[in-house]
Structure formats: C-alpha cells, structure tokens
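This report refers to the structure that appears directly beneath it.
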Amino acid sequence: MNMHLISWIGLMITTILAFTFKDKLSMIFMMITRVLYIPILISGFMLALYRVPRDPVLGSLKVILGLAVIALLEIGFARKNHHNLASNIIWSLVIVFALTSLVGLYLADWYFF
C-alpha cells in the first residue's frame, strides 16, 4: 500500500529533522511526526489484516516492530525535550527501524510500490 510506504518515508525525514534541530523547530517536526502516526497506524492495520493470516509469524513480527519504532521515537523525543538524549536510544531506533523496513519489504515481496 503506497500510503503506508510514503508515510514511513515522511516519518523518517521528519524524525531526522526533529532530532537535528533545536527547541521550537524541533518541536514542530515532532508534531508532524506524531501526525504521521495516524496514516501509518491505519494503513498498517489494513495491511496486517491481509498479511497476518497468510504469514502469521512475520506479519505479527512486523506489527510488533512497527509499534516498537513508534515507542522508541516517543522515548527519544521525551529524552530530547529533557536534554537527556543518549546515543543508545538513537542506535536502537535505527536498528529497529531497519529491521521493520526489511521485514516489511520481505512481506511485500521486495516491491517498493
């Protein structure tokens, strides 16, 4: 589903900008990131309804990893707001995001669109 992929690409861009900029501009990109959760969760739910019955293990893993990315983003945003962001959160986010992307692309038979 194109909406899911485009939303994830937008999420990746706004996340990088949110962690890069400082204070007010960072907060704007954090809010945009949070708005992008809506189409990601809706399209992810629709994709899960299709994929989980066909491949329960990888489909469920993709759902869990996707939710883990959102959780790590929120943890990172909270730490950034308290000026307590550690590199281990960023690296965890990058690794879980990469795993989520790989599992998602595998489930889509490596088709991007």
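We number each residue from 1, following the sequence as shown.
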* Structure fact -> Interatomic distance, CG@Leu72 vs CG@Leu65, rounded to 0.5 Å, equals 10.0 Å
* CG on Leu73 to CZ on Phe97, rounded to 0.5 Å -> 9.0 Å
* To do: State which residues pass side-chain hydrogen bond (donor to acceptor under 3.5 Å, both in side chains) with Thr14; sequence neighbours excluded, sorted by chain then number.
  => Thr33
* **Nearest-0.5 Å distance, CG of residue Leu41 to CG of residue Leu36** => 10.5 Å
* Asked: Any side-chain heavy-atom pair from Leu11 and Ile70 closer than 4.5 angstrom?
  -> no
* Starting from the C-alpha separation in whole Å, work towards a yes-or-no answer on side chain to side chain contact (heavy atoms under 4.5 Å, CB included) for Leu61 and Val57. => CA-CA 6 Å; Leu61 178 65; Val57 174; 5.5 Å; no
* **Side chains of Ile95 and Leu99 in contact at under 4.5 Å (non-hydrogen atoms)** => yes
* Treat each ILVMFWY residue as a node, draw an edge where side-chain heavy atoms are under 4.5 Å apart, and state whether Val35 and Ile6 are in one component. => no
* To do: Quick one: closest heavy-atom pair of Gly76 and Leu85, and the distance?
  => O-CD1, 3.7 Å
* **Expected output: side-chain Arg79 to main-chain Ala86 donor-acceptor under 3.5 Å** => no
* Does Arg34 have any side-chain hydrogen bond (donor to acceptor under 3.5 Å, both in side chains) partners at least two apart in sequence or in another chain, and if so, which? -> Glu74
* Taking all heavy atoms of Val63 and all of Ala48, pick out the closest pair and write down the distance. => CG2-CB, 3.8 Å
* Answer yes if Val103 and Tyr106 sit in the same cluster of Ile, Leu, Val, Met, Phe, Trp and Tyr residues linked by side chain heavy atoms under 4.5 Å apart, and no otherwise. => yes
* With under 30° as parallel and over 60° as perpendicular, where do the rings of Phe21 and Phe29 fit, or are they tilted in between? -> parallel
* Are Val52 and Ile64 linked, directly or through other ILVMFWY residues, by side chains that come within less than 4.5 angstrom of each other? -> no
* Asked: Side chains of Met30 and Asn81: does their closest heavy-atom pair fall under 4.5 Å?
  -> yes
* For Pro39 and Met3, which heavy atoms make the closest approach, and how far apart are they? -> O-CE, 3.9 Å
* Determine whether Phe19 and Leu93 make a side-chain contact, defined as any pair of heavy atoms from C-beta on separated by less than 4.5 Å. => yes
* **Joint cluster assignment, Ile75 & Met27, ILVMFWY side-chain distance < 4.5 Å** => yes
* Leu5 side, atom CG; Ser101 side, atom OG - distance, nearest 0.5 Å -> 9.0 Å
* Asked: Same hydrophobic cluster for Leu107 and Leu67, using side-chain heavy-atom links shorter than 4.5 Å among ILVMFWY?
  -> yes
* Grab the two heavy atoms, one from Lys80 and one from Ser26, that are nearest each other, plus how far apart they are. => CE-OG, 3.1 Å
* Nearest 0.5 Å, what's the CG-CD1 distance between Leu17 and Ile32? -> 8.5 Å
* What are the two closest non-hydrogen atoms of Ile40 and Ser7, and how far apart are they? -> CG1-CB, 3.4 Å
* Output every pair passing ring pair (Phe, Tyr, Trp, His ring centres under 6.0 Å) with a member in residues 30-71, not counting sequence neighbours, ordered by first then second residue. => none
* **For the student: nearest non-hydrogen atoms of Lys62 and Gly104, plus distance** => CE-CA, 3.5 Å
